[in-house]
**Q** 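One structure follows; several queries about it will come next.
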Number of protein chains: 2
Amino acid sequence: MEEPKKRSRRGRTPAVSGRTPRPRQAEVARLAGVSQATVSLVLSDKTTGATISDETRQRVLDAARSLGYVPDPAAQRLAAARNNLLGVFSFTATFPTDVQHSYYPFLVGVEQEAAARGYDLVLFTGSSSGGAGASRPDALSRVRLADGCLFLGRHAPVAELKRMVADGFPVVHLGRRDELEGLPWVGADYVSASAEVVGHLSALGHRRIVLVREDDDAPASTDRQQGFLEGLLAAGLEGGPEAVFRSADPERDLTPERLRHWLDEGVTAFVAEETDTGAAWRALCGAVEEAGLSCPDDLSLALLGSPPGDLVACPQATGFDIPRPELGAAAVRLLAARVAGEEAEEPLVACVFRPGTTTGRPPERH
Amino acid sequence: MEEPKKRSRRGRTPAVSGRTPRPRQAEVARLAGVSQATVSLVLSDKTTGATISDETRQRVLDAARSLGYVPDPAAQRLAAARNNLLGVFSFTATFPTDVQHSYYPFLVGVEQEAAARGYDLVLFTGSSSGGAGASRPDALSRVRLADGCLFLGRHAPVAELKRMVADGFPVVHLGRRDELEGLPWVGADYVSASAEVVGHLSALGHRRIVLVREDDDAPASTDRQQGFLEGLLAAGLEGGPEAVFRSADPERDLTPERLRHWLDEGVTAFVAEETDTGAAWRALCGAVEEAGLSCPDDLSLALLGSPPGDLVACPQATGFDIPRPELGAAAVRLLAARVAGEEAEEPLVACVFRPGTTTGRPPERH
DNA sequence: GCGCTTCAGTAATGCGTATTAGTAATGCGT
DNA sequence: ACGCATTACTAATACGCATTACTGAAGCGC
């Protein structure tokens, strides 16, 4: 016969004197004069497997309330394998000092949608955070505390993501992410939005339009070009390769002479892709100014996106806005679905056309 | 004899087909030919209580690596009785649509400091969030999921906070909160900052200064007035009650006539308290403009704080800035200390004097 | 070769909750 | 009054990991 020596091993003396440890289901049970299992049943409001009388139920609820009982999420998760917690992981700080680059607009939607679905958010700060414990290797494994995790930013560690996807851990990337097979993501519909901008120009009467883009192959760029071309096609305009001006350094290559040449050829409108630097748009605006032209009188300009932060407002550029909060909400919806084991898919989120003052009817030419 | 019927109760069939369950320590142990306890010892790198030969250690490590073992954080936390999680609770949405009113600047510091200390953040969205399950009564108790919790905003529910404090749950309020006995808080030192502004004016040669404030008794207002008076005292200026103009509706009561009257009496500078509406400052600026006066030529103006968002920049107001990120960081430090059971106290955080273009030497008179 | 001390590792828990098998008490029909 | 169903619970376990008491084996001094 073995004497169990109850609770002798790890006498959990409160580390801090005076701190009352959180009440457990066991305490609630004692107070209500029932078993721990009953407490669990009452509190989880399960109808299967057992029935509880209203009177007992009430006693348990009262006891729980009076003790201020709150379930231990770790234990719940361990037992039930879920937590009602969604992770938000960004490799860079979620709240950078420079608000301009922050994920704030996305989080607005993420928070709202998560709250609406009864999830709380856990922010996992990427390993890159300055200060002490930088680059902890476990940063990514901690993520699994949540039921699923949202990844933000282009620096998400591919290898680890792959693993999680392979393990079936629910993961969603905010922003297009095709290269990672099986990684669910939500993104904005740059194609349609770009086509719409072209449609707008076409409706104003423009017949020859040129796209100015940088020389890289990010999906964001490719999508815009595709939308641009589709837009031309839809408007019945010509869309040969000469309609796209691609340059590694648009600010140098897009000279006023070049611009004039296009105008002489009958081009009346230009669209620039949006990038984080805004180089294409800057180049375009710069060249117009240098050439002594004015917009929208001499030519129309449009931006396939939103103007860079430092250029906001001044001349209101025609283009489209990315509905970041909606994107965040869509990501949460998708993630929640995957947590629930569904194979849901979120459609691309539509961008909003933003009329501006940089486009107008093409100038009359003899 | 009871047949244990191993793993029969909760056949953990993968909810989603194709989901490979993560390997456990038990699998690692089997592969390495040791016990689960040994795996735990090796992986946690503990030196106490047991010793492991290098050879065994290596076998375990290899096995873990080859299986891609990742510890289950929930289990770890359950066993260790801590979460490494700090809660952030704001009664209103943490990420409001209107960035102007957000806690963002605080969160910058909160996140950084938390990351540096190895904590992750859980955002508890206050009950006020729109959408479904609005005003869930458990919102506040969920907070206990974390090891401790930060409260933001003046709407923090007093009764619940009291309970938590009484229970010894580590809690810190961001922003002064004297009325709640025993509630630790961090705040900005408005007194010193206000005094410094007065000192600045005095150094410029101003001898009579008037404070314009609203008619409430929030600590933020009281502190500023106290600092104002202390500043006068320190500068050897007169600080009778007539030096403070207090009005429930400054925008109506602060007339151009009133302003001229003060000027005639020899007042050369005015300071306004900062409030969320910015009413006092607006009233002051409005009256100056209406009176056809110009600043800083005819009189000097200073603001005890930062200008309201919509007035940013234009004329750069002399005043001081609240170092919100520092405040956030200080709050986390205090909270971390309390979680660790220390009785730490954070001093007030100093505000930064912000020179501006609204103050200058007093005008020469007769 | 007898105690005694490391050394190396294992068995047996415990953390707090969810789940399910089982049980005692009662009701009901015949 | 017996069997069976229903009601209202409780006992016992599992979840995955950390911890610690304990066990065998080997080494050491005398």
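Order of the sequence lines fixes the chain letters, A, B, ..., with proteins taken first and strands second; residue numbering starts at 1 for each chain.
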**Q** Distance check: side-chain N/O of B/Q36 vs OP1/OP2 of D/dG16, anything under 4.0 Å?
**A**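 Indeed not, no polar side-chain atom of B/Q36 lies that close.
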
**Q** So if I take every side-chain heavy atom of B/S40 and compare against D/dT19, C/dG9, D/dC15, which nucleotide ends up nearest?
**A**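 The nucleotide sitting nearest to the side chain is D/dT19.
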
**Q** From the set C/dA18, C/dA12, D/dT10, return the single nucleotide nearest to any side-chain atom of A/Q76.
**A**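 Of all the options, the side chain of A/Q76 is nearest to C/dA18.
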
**Q** Between C1' on C/dA18 and CZ on A/R24, what's the gap in Å once rounded to a whole number?
**A**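 Value for this atom pair: 16 Å.
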
**Q** Answer with base, sugar-phosphate or nothing: what part of the nucleic acid does B/S53 contact at a heavy-atom distance below 4.0 Å?
**A**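 If one applies the 4.0 Å heavy-atom cut-off, B/S53 turns out to touch the sugar-phosphate alone, with no base involved.
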
**Q** Go through the side-chain N and O atoms of B/Q58 and B/D62 and say whether any donor and acceptor fall under 3.5 Å apart.
**A**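 The answer is yes; a qualifying pair exists.
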
**Q** Excluding sequence neighbours, so at least two apart, what forms side-chain contact (heavy atoms from CB on, under 4.5 Å) with A/A330?
**A**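 Scan of A/A330 (side-chain contact (heavy atoms from CB on, under 4.5 Å), adjacent residues dropped) gives A/V186, A/R333, A/E346, A/V349.
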
**Q** Could you work out, with side-chain contact (heavy atoms from CB on, under 4.5 Å) as the rule, every residue matching A/L67, not counting sequence neighbours?
**A**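 Per chain and number, A/L67 pairs via side-chain contact (heavy atoms from CB on, under 4.5 Å) with A/P23, A/E27, A/V28, A/L31.
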
**Q** Starting from P on D/dC15, measure out to CG on B/L78 and report it in whole angstrom.
**A**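 Nearest whole value for this atom pair: 14 Å.
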
**Q** Enumerate the residues from residues 25-35 of chain B whose closest heavy atom to DNA chain C is under 4.0 Å, giving them by residue number; use none for an empty result.
**A**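 Going residue by residue through residues 25-35 of chain B, the ones with a heavy atom under 4.0 Å of DNA chain C turn out to be B/V34, B/S35.
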
**Q** Please state how far atom CD1 in A/I52 lies from atom P in C/dA25, giving the value in whole angstrom units.
**A**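 After rounding, the gap between these two atoms is 17 Å.
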
**Q** Could you tell me whether a side-chain N or O of B/D120 sits under 3.5 Å from a main-chain N or O of A/F124, the two making a donor and an acceptor?
**A**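 Here the side-chain-to-backbone pair does not exist.
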
**Q** Figure out the CZ/P separation between A/R77 and C/dT17, and round it to whole Å.
**A**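 Nearest whole value for this atom pair: 16 Å.
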
**Q** Measure the spacing between CH2 of B/W185 and CD of B/E345 and express it to the nearest 0.5 Å.
**A**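 Result: 8.5 Å between the selected atoms.
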
**Q** Show me, range against range, the stems involving DNA chain C, built from at least 3 consecutive Watson-Crick or G-U pairs below 3.5 Å.
**A**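 So the stems come out as C:1-30 with D:1-30.
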
**Q** With sequence neighbours excluded, tell me which residues meet side-chain contact (heavy atoms from CB on, under 4.5 Å) with A/L41.
**A**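 With sequence neighbours excluded, A/L41 shows a side-chain contact (heavy atoms from CB on, under 4.5 Å) to A/A50, A/I52, given in chain and number order.
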
**Q** Nearest nucleotide by nearest heavy atom, which residue falls closer to the 5' end of DNA chain C, B/R57 or B/A75?
**A**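 By nearest-heavy-atom nucleotide position, the 5'-most residue is B/R57.
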
**Q** Please determine, for the side chain of A/T51, which listed nucleotide (D/dG16, D/dT7, D/dT20) has the closest atom?
**A**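 Closest of the options to the side chain of A/T51: D/dT7.
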
**Q** Check side-chain hydrogen bond (donor to acceptor under 3.5 Å, both in side chains) between B/S35 and all other residues, then give those that pass, not counting sequence neighbours.
**A**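 Only B/T38 meet the side-chain hydrogen bond (donor to acceptor under 3.5 Å, both in side chains) criterion with B/S35.
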
**Q** May I have the distance from B/Q58 (atom CD) to C/dA8 (atom P), rounded to whole angstrom?
**A**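 Atom CD in B/Q58 sits about 16 Å away from atom P in C/dA8.
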
**Q** A/E55 has an atom CD; how far is it from atom C1' of D/dC9, in whole Å?
**A**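 These atoms are roughly 13 Å apart.
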
**Q** For B/R59, check side-chain hydrogen bond (donor to acceptor under 3.5 Å, both in side chains) against everything at least two apart and list the hits.
**A**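 side-chain hydrogen bond (donor to acceptor under 3.5 Å, both in side chains) list for B/R59, sorted by chain: B/E55.
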
**Q** By nearest heavy atom, map B/D72 and B/L41 onto DNA chain D; which one lands nearer the 5' end?
**A**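 Between the two, 5'-proximity favours B/D72.
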
**Q** Can you tell me the distance, in whole Å, between the CG atom of B/L43 and the P atom of D/dG16?
**A**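 My rounded result for the distance is 16 Å.
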
**Q** Who pairs with A/E181 by side-chain hydrogen bond (donor to acceptor under 3.5 Å, both in side chains), at least two apart in sequence or on another chain?
**A**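 Partners of A/E181 by the side-chain hydrogen bond (donor to acceptor under 3.5 Å, both in side chains) criterion come out as none, since no residue qualifies.
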
**Q** Excluding sequence neighbours, so at least two apart, what forms side-chain hydrogen bond (donor to acceptor under 3.5 Å, both in side chains) with A/T56?
**A**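 With neighbours one apart ignored, the set is A/S53.
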
**Q** Take the protein atom CG of B/D45 and the nucleotide atom C1' of D/dT19, then report the distance between them rounded to whole Å.
**A**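 Result: 16 Å.
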
**Q** Which listed nucleotide (C/dT17, D/dG16, C/dG9) is nearest to the side chain of B/A79?
**A**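 Ranking C/dT17, D/dG16, C/dG9 by closest atom to the B/A79 side chain puts D/dG16 first.
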
